[in-house]
Amino acid sequence: MAARVAVDRALCLGSGMCLVYAPGTFEHDDQAKAVVREPAGDPADVVETAVEACPTGALSLLPEQDGA
Amino acid sequence: MTETQVLDRERIRTLFDLRSSYNARAGGDFTADPYPAWRRLRESGPVHEGTVHELTGYPGTALFQGLPEPDRPHYSAFSHAALDQAYRNPEVFASSPEAVDTTTVSGVTNSMLSMGGDQHRRYRALVQPSFVPAKARWWITNWIEETVHSLIDGFAGEGRAELNVDFCAAIPVLTITGGFGIPVGQALDMREALNRPMEIVEMLRPVVAARREAPQDDLISVLVEAELKDEDGTTHRLSDAEIYSFALLLLFAGSGTTWKQMGITLTALLQRPELLAQIKDDRSKLRPAIEEALRWMPTDPMFSRFVTRDVELEGTRLPEGSVLHLCLGAANRDPARWDRPDEYDITRPMRASFAFGGGPHICLGMHVARAEISTGIGALLDRLPNLRLDPDAEPPRYIGMYERGVTEIPVVFG
């Protein structure tokens, strides 16, 4: 199941750590801010690894929604 | 004559041999394995009083970021949890004891390495777009590939080579100076002048002036065109002083670290011939091999933070004004986070280590470093059949205290 993840743009530094661990999910916009390109781009545990890896805590997992 | 043939091999040796006097000040003469000591320290407590080199048993006066600072109390942290807390709390664990003055050039201390909070965020945002993973291809095709292949051209016909100094060492410095628009012939002058920053500024001055007139597809052009948004919302172009400070930081942070990390990775693989053969046949394994080497043996195993107020970290009271040394070499082998942490195992699940630091100052150049290492090792595997350690030469040894790397990597091939 895909994890749902939110990016806090004020906290995002553009380090690219999330792209290292979950390149199927995240990309950078032209300001080097992380954006979710494909919510189902990686398995949930991979996305969790990326969320934990963010050096500024800019990523957070959102609770699963039934039927979402 | 290819461009890199203008590089003087003996001069590269002097500049890049970890055992040379040039590199001794960061503990280049430390030859023991520090990991058993770091393990004992981590097991006896996450935070200890003293510096990492003192606690490790190094008798000298090694210098690095956060050292020597003789008038401050010193503490060192060794567990993953302690480092994670410190890296993620830059207000309490600051990268500099004082505010950064951007109007002067004195070296890397007034670059964004030492900035905090919003100032750091604004300066880093200017250059971050040039260092994101998507830009790795720009670095590879413009500078890395050409350097890597012309270095290999220099020894491919000889059947043997010393890869640490003759190969790994030159790649990062030529990548960075190439990105600056500095001619190859001046690249080593720049590296040699690392401890005399005003000489580097003089080499950069004509390039910055030329790029202000006519920007090109390089990093100095990015800097002269960048617009910095001030706290009050007004924008201004970077001053020459700001550009010089930034260029010094890149040269300082990027030219020594990546070559040593590439040498460490190559050595780990050459010492495991079966693993190297697997990677040669399946290049998807090169990336986990590089990531695991970063965790297992990071070239810079310690960075420091300045404690801005009295605080307790993992049970130890740290007074305001003290220096906290973050021993990421120890944290990267914390069994609370990694099973069998002393093993170099490229099949372990990938997760973030502190090889590139952490928090808002996490290494800006990490994706360029990865690109250099993978391009370099990949090209060696492509071009040198049956690559192996020279059985008749002294095997590589890992040495160094705060700048770790290998002695030499003598190889034969063909």
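Every chain is numbered from 1 and lettered A, B, ... according to where its sequence line falls, protein lines coming before strand lines.
- Taking the charged nitrogens against the carboxylate oxygens, Glu52(A) and Arg337(B) do have a contact shorter than 4.0 Å, which makes a salt bridge.
- Using a 4.5 Å cut-off between non-hydrogen atoms, the part of residues 20-28 of chain A that approaches chain B consists of Val20(A), Tyr21(A), His28(A).
- The residue among Pro129(B), Gly359(B), Cys363(B) with the most heavy atom pairs within less than 4.5 Å of chain A is Gly359(B).
- Of the two parts of Cys18(A), neither the backbone nor the side chain holds a non-hydrogen atom closer than 4.5 Å to a non-hydrogen atom of chain B.
- Of all non-hydrogen atoms in Ala32(A) and Val132(B), the two that sit nearest each other are CB-CG1, 3.7 Å.
- Between Arg351(B) and Thr49(A), the closest heavy-atom pair is CA-CG2, 3.8 Å.
- The backbone N or O of Gly14(A) sits less than 3.5 Å from a side-chain atom of Gln128(B), completing a donor-acceptor pair.
- More than 12 heavy atoms of other residues, nucleotides or ligands lie within 6.0 Å of CZ in Arg340(B), so this atom counts as buried by the packing criterion.
- The two atoms that bring Ile362(B) and Pro55(A) nearest to each other are CG2-CG, 3.8 Å, heavy atoms only.
- Both the backbone and the side chain of Thr56(A) come within less than 4.5 Å of a heavy atom of chain B.
- More than 12 heavy atoms of other residues, nucleotides or ligands shown are found within 6.0 angstrom of CD on Glu227(B).
- Judged as a side-chain hydrogen bond (donor to acceptor under 3.5 Å, both in side chains), the pairs with a partner in residues 291-302 of chain B (not counting sequence neighbours) are, in order, Glu291(B)-Arg370(B), Glu292(B)-Arg295(B), Glu292(B)-Arg348(B).
- Note that CZ of Arg88(B) and SG of Cys54(A) are 7.0 Å apart. Values are rounded to the nearest 0.5 Å.
- Contact annotation for Leu13(A): both backbone and side-chain heavy atoms come within less than 4.5 Å of a heavy atom of chain B.
- A distance-only check finds no donor-acceptor pair linking the side chain of Arg124(B) to the backbone of Ser15(A) [under 3.5 Å].
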